[in-house]
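What follows is a short report on a single structure.
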Protein chains: 2
Amino acid sequence: MNCSIAQALEIIGERWTLLILRDAFYGVKKFGRFQEQLGISRNVLAARLNRLVDEGILEKVSKTAGGHPEYHLTAKGHALQPVLIALAQWGEEYMPHPKGQRFYIVEANTREPIRRLEPVSQDGRALKHHEIVSVPGPGILHN
Amino acid sequence: MNCSIAQALEIIGERWTLLILRDAFYGVKKFGRFQEQLGISRNVLAARLNRLVDEGILEKVSKTAGGHPEYHLTAKGHALQPVLIALAQWGEEYMPHPKGQRFYIVEANTREPIRRLEPVSQDGRALKHHEIVSVPGPGILHN
DNA sequence: CAGTATCCTACGTGATACTG
DNA sequence: CAGTATCACGTAGGATACTG
């Protein structure tokens with residue numbers, strides 16, 4: 001399916017994958033930490049990590065201080081942050097915890113919550129969902 | 001798992017679901033159109049649509065002009081647009097089609113491409129991935 | 001056209017045991 | 001600790017036939 005969303009989901013649409021990446025953004029790097037955080041079985045975790053390394057989303061760093069390998073987000077991996085933020089904000093808004101926000105995504109320096117992620121025009125105006133359309137480009141037209 | 005990302009994925013993490021929603025954003029409303037667009041089997045499509053209606057993401061409208069039911073995005077559904085945009089932009093950037101962009105997401109009026117989705121601080125500064133952290137809120141602390 | 005019901009298969013997942 | 005190998009299970013998915 002020639003669609004960037006479908007292509008993206010081919011990789012990160014697998015179960016567990018986005019949760020692994022969520023933890024990676026939280027700073028988790030070691031196999032065992034992922035495993036205990038997620039409660040995922042070891043073989044599946046290994047498969048997912050390998051896949052993410054193959055796709056260039058994580059980088060396996062073998063020569064670490066402790067002698068144990070670590071998994072680091074690459075630039076391609078870091079570029080997924082908006083996806084996770086969008087998911088988190090949607091989840092907080094429409095499936096809230098009764099006691100309030102589970103997490104605040106804040107600016108590291110000021111500790112101020114960031115804005116809700118929203119589409120903006122080139123000149124910086126926020127766009128409502130009906131002000132947006134998608135139009136075919138060369139990648140679709142020339143098959 | 002008490003995490004807004006995990007909660008969100010519980011619903012929209014199922015295979016096909018985000019592709020169904022992508023088509024819904026493209027304006028697809030009828031069962032048959034979804035089916036032919038996606039090449040999904042009818043029973044699975046029916047299950048997914050029902051789930052999305054149950055979750056308040058789609059609304060089933062039975063009294064239409066043609067007499068056939070339609071599925072419309074609700075506010076909760078429209079709120080997922082940033083997720084899809086983030087996925088699409090990531091896919092276009094890191095898994096590009098050799099002939100160029102498959103789609104441009106543009107402002108409806110001007111036909112100008114929108115900006116890349118990015119986290120911004122309250123006062124509107126763009127934030128790099130390392131300038132962002134997430135801190136626990138009441139929904140986590142009080143279990 | 002818009003589903004539902006049934007069957008069958010394949011794959012994803014977890015549990016466990018094993019290795020370096 | 002960081003995996004790999006194997007097995008056993010459940011379920012998601014497609015195909016097909018049927019219904020209003």
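Lettering follows sequence order; numbering is per chain, from 1. We use all heavy atoms of the structure for the numbers below, so side chains are in, but hydrogens, waters and symmetry mates are not.
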From C/dG12, C/dG14, D/dG13, nucleotide with atom closest to B/S41 side chain: D/dG13
Starting at atom CD1 of B/I40, determine the distance to atom P of D/dA15, rounded to an integer number of angstrom. 11 Å
C/dG3 C1' sits how many Å from B/E36 CD, rounded? 16 Å
Please indicate whether A/E10 has more than 12 foreign heavy atoms, meaning atoms of other residues, nucleotides or ligands, lying under 6.0 Å from its CD. no
May I ask which nucleotide in the shown strands pairs with C/dT6, Watson-Crick or G-U wobble, both distances under 3.5 Å? D/dA15
For A/F34 and C/dG14, what is the distance between atoms CZ and C1' respectively, to the nearest whole Å? 20 Å
From CG of A/L45 across to P of C/dG14 the rounded distance in Å is 10 Å
Answer for the Watson-Crick or wobble partner of D/dC1, both distances under 3.5 Å, is C/dG20
Examine the base of D/dG3 for any acceptor or donor lying under 3.5 Å from a partner atom in the side chain of A/N43, and report the outcome as yes or no. no
Any salt bridge linking A/E93 with A/R116? Criterion: basic side-chain nitrogen under 4.0 Å from a carboxylate oxygen. yes
Please tell me if A/K60 has a side-chain N or O lying less than 4.0 Å from either OP1 or OP2 of D/dG3. yes
With the side chain of B/W16 defined as its heavy atoms from C-beta on, choose the nearest nucleotide among D/dA12, C/dG3, D/dG14. D/dG14
Let me know the distance between NZ of A/K30 and P of D/dC1, rounded to the nearest Å. 11 Å
Please determine whether any donor N or O and acceptor N or O are separated by less than 3.5 Å between the side chain of B/R42 and the base of C/dG3. yes
Looking for any heavy atom pair under 4.0 Å, which part of the strands does A/Y71 touch: base, sugar-phosphate only, or nothing? sugar-phosphate
Please give, in whole Å, the distance from C/dT13 P to A/L38 CG? 13 Å
Carefully, step by step, assess A/I11 and A/R51 under the rule side-chain contact (heavy atoms from CB on, under 4.5 Å). CA-CA 8 Å; A/I11 306 174; A/R51 180 85 199 279; 3.8 Å; yes
For A/E10 and C/dG12, what is the distance between atoms CD and C1' respectively, to the nearest whole Å? 15 Å
Taking the nucleotide of DNA chain C with the nearest heavy atom to each, does A/H68 or A/R15 sit closer to the 5' end? A/R15
Length of the line joining B/I20:CD1 and D/dG13:C1', which is rounded to integer Å: 13 Å
Check this for me, if you would: do B/E107 and A/R125 make a salt bridge, where the nitrogen-to-carboxylate-oxygen distance has to be below 4.0 angstrom? yes
Looking only at side chains, do B/E70 and B/H68 share a donor and an acceptor under 3.5 Å apart? no
